[in-house]
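Below is one structure; the comments refer to it alone.
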Amino acid sequence: MKNAQLSATFDQMADIMEILGQDRFRINSYRKVARTIGELPVDVAMLLEEGTLGKMPGIGKSSLAKIQEYLESGKIAAHEALLEKIPTSLLELLEIPGMGPKGVKAFYDKLKITNVDELKKALADGSAATLPGFGEKKAAALQKGIEFLETSAGRIRLDQAADAAHMVIGHLQRLPGIDRVEPAGSLRRRAESIGDVDILVTTGADKKKSGLTPKEIIALFTTAPFVERVLAAGETKGSAIVQTETTPVQVDVRVVPAESFGAALQYFTGSKPHNVRLREIAVKAKLKLNEYGLFRGERLVAGATEEEIYEKLGLDFIAPALREDRGEVEAAANHSLPKLLQQSDVKGDFHMHTLASDGRAEIEEMAEAAQTLGYAFICITDHSESSIIANGQTPKRLARQIEKIHKVDARLRGITVLAGAEVDILADGKLDFDDALLAHLDFAIASIHSGLGSPRAKVTSRTLKAMDNPYITCIGHPTGRLIGQREAMDIDMAAVIEHAAQTQTALEINANPYRLDLKDTHCRMAIDKGVKLAIGTDAHSAAGLGLMPFGVATAARGWATPGDVLNTLTPARLKTFLKTKRPR
DNA sequence: GCCGTTTTCGGCCCGACTGTTTTCAGTCG
């Protein structure tokens, strides 16, 4: 599948065009193509063949021809021509925070600097200072930028971002005269990875008496003990690197007046493409939308709440999870947004481990923890024999574990404990337990834990074959990715989803923030094909059950309604559902 | 390069912060 490479190629063309100072609107359209292709849940070649690719917004004739050219020959002539114009190493300079296309061009034209090492030297020996409009502070900023690039981990996981936000919000809430403190940005949208954390603050109405000025609030943020380095500190906006337990995180804090809170929350929640769509709608209606409100001329039309802004733009309210410019603006305009799944709809958890394999708690502890979360059922799914490092169960041990689960289920009131297993899909697509044993389970997850780097045809056929088994309820973490650590398997998700629909097999949303697998776009595709989703935390302790909201958010980002997700069923309805695939 | 119940040509989102600018360009989100 060439989606990622093709997307990167369009982005690179845009980068080079920026350095060359070409038309910014054309550059924008290249960026849009890159983003569209990068987010596709299926192989771009398949869509091209179907003839649907050219119908996607932002992909016109010219881009379509380039995509076709790339898929046929592995390159794009226009891309090759651009590469001729500058040394490719200039593109790595663009990665440096504080360095933009103009800066790269100036360093190249005037000082013949083509890479990061040469830039470092020029900054050290003072030759950079000979550039017009380039002083000491800019040199220091670039040096910091290079340092940051060389040490930062890049994007962080959702749970790490949530931790950082929790820390900063706690600090800000203790300041005098603070009214509201809310996270915004990709954290509020619950994106699968986060670049930086955005936090919004409003001061109370009595700020003149007892409170602080915006500038003072920013100063108290940037001087907080957890702040490692200040990137900017202005009148209303501060930006700093904050140290958390696991990783440094960039946190931006913005102070806004209460009457603009909704506008600011909307603006800083993004996503950027979503906001651009909204501002375009505003312009067409002779309005102007910015972080202070929706304006007709000088007059404020809306701004205190997000709801009134969407309403005044003629749109239904759009949940943060949907704000990605993936059709939500159109759906809001014609009142066809889905009623999204929420955590309160969830009645149970499908994936967890106990002491029987690599978990750290007894079955009872997991069940009791689930009850405190208000659940009506859980499913115990320990590993199978082949997962040796995870202390996988032999058939004999699984038989004993099933009995044990039944006993706990009989003893506990108010919660149904189902007997399950996470069964390895072996190299040939066979399962790690035979059908006679699987038949004793209520719920069986089939997962690939080995050979993730195998060719597309192999990992795909292994998964399809597992779904053919009548006792397999669900495919676990279907793509095998680990966010920021391991690429997804090269698996044909269109085929997997199609086969899941045919065999009435559910697909898991693994709620662990390392996985979030299925991801949002695949969830949406599965839902469109009528495939049911089963959210599981993959908990290895009672505390691990608390990861469920990450899975719920991922489902919501895939436009899931309560009806699309098995977790919303009562135990009785779930048991009925679990019989549908089995031989009678 | 894309796009069209204002347009097939002429538009294409908006503002904060920084540095070195005496009025603004570059970068970022």
Side-chain angles (χ1 to χ4, degrees), chain A residues 10 13-14 17-19 21-36 54-67 76 78 93-107 129 131-142 144-145 148 184-186 189 194-200 214-215 218 222 230-240 250-256 260 263-264 266-295 313-314 325 329 333:
Chain A
F10 271 88
M13 285 195 277
M17 288 158 70
E18 276 199 319
I19 292 172
Q22 297 184 0
D23 179 58
R24 64 195 170 100
F25 298 109
R26 177 188 266 200
I27 292 166
N28 257 346
S29 61
Y30 276 65
R31 296 254 184 242
K32 183 160 189 188
V33 173
R35 178 171 165 267
T36 301
K55 295 192 177 71
M56 304 195 74
I59 299 187
K61 260 190 183 175
S62 170
S63 298
L64 201 62
K66 289 186 177 73
I67 294 165
I76 299 171
L93 293 177
L94 267 188
E95 303 291 314
I96 302 167
M99 182 74 106
K102 305 284 184 198
V104 170
K105 181 131 195 328
F107 275 106
L131 287 178
F134 196 92
E136 265 178 40
K137 289 198 173 173
K138 260 192 178 164
L142 281 186
K144 289 273 187 194
F148 177 77
S186 50
R189 301 200 312 277
I194 309 292
D196 53 36
V197 171
D198 297 293
I199 293 172
L200 222 54
K215 192 172 184 175
I218 295 303
T222 54
V230 180
L231 301 173
E235 296 290 327
T236 62
K237 185 185 162 187
S239 183
Q250 181 176 332
V251 179
D252 296 346
V253 172
R254 184 83 176 226
V255 186
V256 298
S260 297
Q266 196 291 315
Y267 177 88
F268 287 105
T269 297
S271 66
K272 193 173 169 184
H274 175 88
N275 285 356
V276 169
R277 293 297 308 281
L278 258 49
R279 292 196 286 261
E280 284 170 356
I281 290 173
V283 168
K284 280 190 184 136
K286 302 260 192 274
L287 299 165
K288 185 175 76 167
L289 178 62
N290 59 29
E291 59 261 56
Y292 300 107
L294 185 64
F295 296 89
L313 289 172
D325 189 23
V329 176

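Worth saying up front: this structure is predicted, and the values here are computed from it rather than measured. A note on names: the letters A, B, ... follow the listed sequences, proteins ahead of strands, and every chain is numbered from 1.
- B/dT8 sits 9 Å from B/dC3 when the C1' atoms are compared, rounded to a whole Å.
- Nucleotides of DNA chain B nearest to A/Asn275 and A/Tyr267 differ in position, and the one nearer the 5' end is that of A/Asn275.
- For the pair A/Val251 and A/Ile199, the tightest heavy-atom approach, listed with the atom from each and the gap, is CG1-CD1, 4.0 Å.
- As judged by a 4.0 angstrom heavy-atom cut-off over every strand, A/Ile96 is placed among residues touching the sugar-phosphate backbone only.
- Contacts of A/Ser239 with the nucleic acid, taken as non-hydrogen atoms under 4.0 Å apart, are absent.
- Residue contacts shown for A/Ala141 are absent, as no nucleic acid heavy atom lies under 4.0 Å away.
- Atoms CZ (A/Arg31) and P (B/dC28) sit 11 Å apart, rounded to a whole Å.
- Using a 4.0 Å heavy-atom distance criterion, A/Lys288 is classed as a sugar-phosphate-only contact.
- A straight line from NZ of A/Lys237 to C1' of B/dC14 spans 12 Å, rounded to a whole angstrom.
- Counting any heavy atom pair closer than 4.0 Å across all strands shown, A/Val283 reaches sugar-phosphate atoms only and no base atom.
- Atom C1' of B/dG1 sits at a distance of 22 Å from the matching atom of B/dT6, rounded to the whole Å.
- Of the residues listed (A/Arg31, A/Lys102, A/Arg24, A/Lys105), the one engaging A/Glu18 in a salt bridge (Lys or Arg N to Asp or Glu O under 4.0 Å) is A/Arg31, and it is the only one.
- Side chain of A/Arg279, nearest nucleotide from B/dC14, B/dG29, B/dC2: B/dC14.
- Comparing the C1' positions of B/dA16 and B/dG11 gives an interatomic distance of 26 Å, to the nearest angstrom.
- At a cut-off of 3.5 angstrom, the base of B/dT6 holds at least one donor-acceptor pair with the side chain of A/Lys286.
- OP1 and OP2 of B/dG15 both lie 4.0 Å or more from every side-chain N or O belonging to A/Thr236.
- Backbone-only engagement by A/Arg254 is indicated by non-hydrogen atom pairs under 4.0 Å involving sugar-phosphate atoms exclusively.
- Judged by distance alone, the side chains of A/Gln250 and A/Ser239 do bring a donor and an acceptor atom under 3.5 Å apart.
- Relative ring orientation between A/Phe134 and A/Phe107 is described as perpendicular, the plane-to-plane angle rising above 60° on a 0-90° scale split at 30° and 60°.
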### Task
Decide yes or no on side chain to side chain contact (heavy atoms under 4.5 Å, CB included) for A/Met13 and A/Ile76, but give the supporting numbers first.
CA-CA 10 Å; A/Met13 285 195 277; A/Ile76 299 171; 4.1 Å; yes

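- Here A/Gly185 lies out of heavy-atom contact (under 4.0 Å) with every strand.
- As a whole-Å value, the separation of A/Ile19 CD1 from B/dG26 P is 14 Å.
- Using a 4.0 Å heavy-atom distance criterion, A/Glu136 is classed as a sugar-phosphate-only contact.
- Note: NZ (A/Lys105) to P (B/dT27) measures 12 Å, nearest angstrom.
- Distance, A/Met56 CE to B/dC3 C1': 16 Å, rounded to whole Å.
- Residue A/Asn28 is classed as having no contact, given no heavy-atom separation below 4.0 Å to the nucleic acid.
- Annotation for A/Asp198 and A/Gly185: closest pair OD2-CA, 3.6 Å, computed over non-hydrogen atoms.
- For the pair A/Lys137 NZ and B/dC17 P, the interatomic distance rounds to 15 Å; values are reported in whole Å.
- Across B/dC14, B/dC12, B/dC2, the shortest atom-to-atom separation from the side chain of A/Asn290 is found for B/dC14.
- Base pairing annotation: B/dT8 forms no Watson-Crick or G-U wobble pair, as no partner gives both donor-acceptor distances under 3.5 Å.
- Of the candidates B/dC17, B/dG1, B/dG15, the closest approach to any side-chain atom of A/Ala232 belongs to B/dC17.
- A/Lys272 comes within contact range of at least one nucleobase, with a heavy-atom separation under 4.0 Å.
- The same atom, C1', is picked in B/dT20 and in B/dT27; the two are 15 Å apart, to the nearest Å.
- Here A/Leu278 lies out of heavy-atom contact (under 4.0 Å) with every strand.
- Here the separation of B/dG15 from B/dG10, taken at their C1' atoms, is 25 Å to the nearest Å.
- Rounded to a whole angstrom, the distance from the P atom of B/dG26 to that of B/dT21 is 14 Å.
- With values rounded to the nearest 0.5 angstrom, A/Arg277 atom CZ is found 12.0 Å from A/Leu313 atom CG.
- Base orientation at B/dT7 is syn, since its O4'-C1' glycosidic dihedral falls within 90° of 0.
- Taking atom C1' in both B/dG29 and B/dC13, one finds a spacing of 12 Å when rounded to whole Å.
- No side-chain donor-acceptor contact under 3.5 Å links A/Lys32 and A/Thr36.
- One interatomic measurement links the two molecules: NZ of A/Lys102 to P of B/dT21, which rounds to 19 Å at whole-angstrom precision.
- A/Leu294 has its CG atom 11 Å from the P atom of B/dC14, to the nearest Å.
- DNA chain B is contacted by both A/Lys138 and A/Pro97; A/Lys138 maps to the nucleotide lying nearer its 5′ end (nearest heavy atom per residue).
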